[in-house]
Amino acid sequence: MNRSESVLASAVEAIGNTPLVELARLTKGLDGRILAKMEYLNPGLSKKDRIARQIIEEAETQGALKPGQTVVELTSGNTGTGLAIVCAVRAYPFVAVMSRGNSMERVRMMSALGAEVVLVDQLPGSKPGQVSGGDLELVEREAKRIVKERNAFRADQFHLESNVRAHYLRTAQEVIRQTKGAFDAFCDFVGTGGSFAGCAAAFKEYAPTIRCFLVEPAGAAVLAGKRVTNANHRIQGGGYSMEHLPLLRREHIDGYVQVADEEAIQTARKLAREEGIFAGLSSGANVAAALQLLRGSCKGKTVLVLLNDSGLKYLSTDLWE
Ligand SMILES: Cc1ncc(COP(=O)(O)O)c(C=O)c1O
């Protein structure tokens, strides 16, 4: 059912069923189309609301999460915001553990939603706004410590298959319904790899000819087998230079695309000015990758992307001039 057609029991039920729009202005003069799913319209202003709901509901069903038990997760802000929403509605205390390198809007939003936010200092030499795999290891250590200390449930987005299922069961099925299957390729900037894994699995099951491309920051494209020359890129939410992502399946990957910081920034700005879409940096990266594909191996095709989070989450950064 469309979420606008009934009274919902809570904000949790308002997660998902996001619109799909064609970026016809950005592709003017190019041979091909880009279809973009507006995930930034979710209640927590990102696609990660979906996995928060799936992780908590599956943990409740399996008995892994007891009534009133504390929930803990490492986050770049978006999963934490999703979990803060679900935990507020279902009355679980929630602790978000985050690197100080992520933007402060995220901290304030999670706190407003009732989360306890624990900030972890970055490695010496790391820059704010540029969270590396090394910075994330420090956050992981602190998350593990808090889970033990509070006997908490870890909503482990890098390992739990419910992350993949959120996208396999919902995001991808919505896209197939919205497009009636009329698209040729999908490209996605990878953090945990949950969105890519869930969507790619569902798309290939629906039509094995749909090609799925993994998007990484230029200079930190380890999954494409390249050497890391710039671990401190600016695209928040992914590109952590982790060679092994437990949720990814190699057989779903048809190719790799690299996007430079500046390309992601300029594309996010163009999305706002030309398409009226106020989305964040990784959305800019996804659209920049789709544009690269239309100029290359996907000429004449229709490429699908997710618009991961809202531009509001970057107001304190220099993304918006
Ligand atoms: C803004 C943003 N973009 C992209 C991603 C990557 O998504 P996934 O973890 O599904 O690979 C995340 C994940 O947190 C994110 O917050």
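All values derive from a computational prediction rather than experimental measurement. For ligands, and for the atoms within them, numbers begin at 1 and follow the listed sequence.
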Do any nitrogen or oxygen atoms of ligand 1 lie under 3.5 Å from a protein nitrogen or oxygen, and which ones?
{"unit_1": "ligand 1", "atom_1": "3 (N)", "unit_2": "S282", "atom_2": "OG", "d": "2.6"}
{"unit_1": "ligand 1", "atom_1": "3 (N)", "unit_2": "N308", "atom_2": "ND2", "d": "3.4"}
{"unit_1": "ligand 1", "atom_1": "7 (O)", "unit_2": "K47", "atom_2": "NZ", "d": "3.0"}
{"unit_1": "ligand 1", "atom_1": "9 (O)", "unit_2": "K48", "atom_2": "NZ", "d": "2.7"}
{"unit_1": "ligand 1", "atom_1": "9 (O)", "unit_2": "T192", "atom_2": "N", "d": "2.9"}
{"unit_1": "ligand 1", "atom_1": "9 (O)", "unit_2": "T192", "atom_2": "OG1", "d": "2.7"}
{"unit_1": "ligand 1", "atom_1": "10 (O)", "unit_2": "S195", "atom_2": "N", "d": "3.0"}
{"unit_1": "ligand 1", "atom_1": "10 (O)", "unit_2": "S195", "atom_2": "OG", "d": "2.6"}
{"unit_1": "ligand 1", "atom_1": "11 (O)", "unit_2": "G191", "atom_2": "N", "d": "2.8"}
{"unit_1": "ligand 1", "atom_1": "11 (O)", "unit_2": "T192", "atom_2": "N", "d": "3.2"}
{"unit_1": "ligand 1", "atom_1": "11 (O)", "unit_2": "G193", "atom_2": "N", "d": "2.8"}
{"unit_1": "ligand 1", "atom_1": "14 (O)", "unit_2": "K48", "atom_2": "NZ", "d": "3.4"}
{"unit_1": "ligand 1", "atom_1": "16 (O)", "unit_2": "N78", "atom_2": "ND2", "d": "2.8"}

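Ion pair E161/R249 flagged as a salt bridge, since at least one NZ, NE, NH1 or NH2 atom sits closer than 4.0 Å to an Asp/Glu carboxylate oxygen. By the 4.0 Å N-to-carboxylate-O rule, E142 lies close enough to R145 to be salt-bridged with it.
F203 meets the ring pair (Phe, Tyr, Trp, His ring centres under 6.0 Å) test with F183, F186; sequence neighbours excluded.
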For residues 76-85, please give each side-chain donor-acceptor pair under 3.5 Å, one per line with the distance, not counting sequence neighbours.
{"unit_1": "N78", "atom_1": "OD1", "unit_2": "K313", "atom_2": "NZ", "d": "2.7"}
{"unit_1": "N78", "atom_1": "ND2", "unit_2": "D309", "atom_2": "OD2", "d": "2.9"}
{"unit_1": "T79", "atom_1": "OG1", "unit_2": "Q157", "atom_2": "OE1", "d": "2.8"}
{"unit_1": "T79", "atom_1": "OG1", "unit_2": "Q157", "atom_2": "NE2", "d": "3.4"}
{"unit_1": "T81", "atom_1": "OG1", "unit_2": "G77", "atom_2": "O", "d": "2.7"}

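Note on residues 292-321: pairs passing ring pair (Phe, Tyr, Trp, His ring centres under 6.0 Å), not counting sequence neighbours, are F278-W320.
The closest donor-acceptor contact from the side chain of E216 to the backbone of A224 lies under 3.5 Å.
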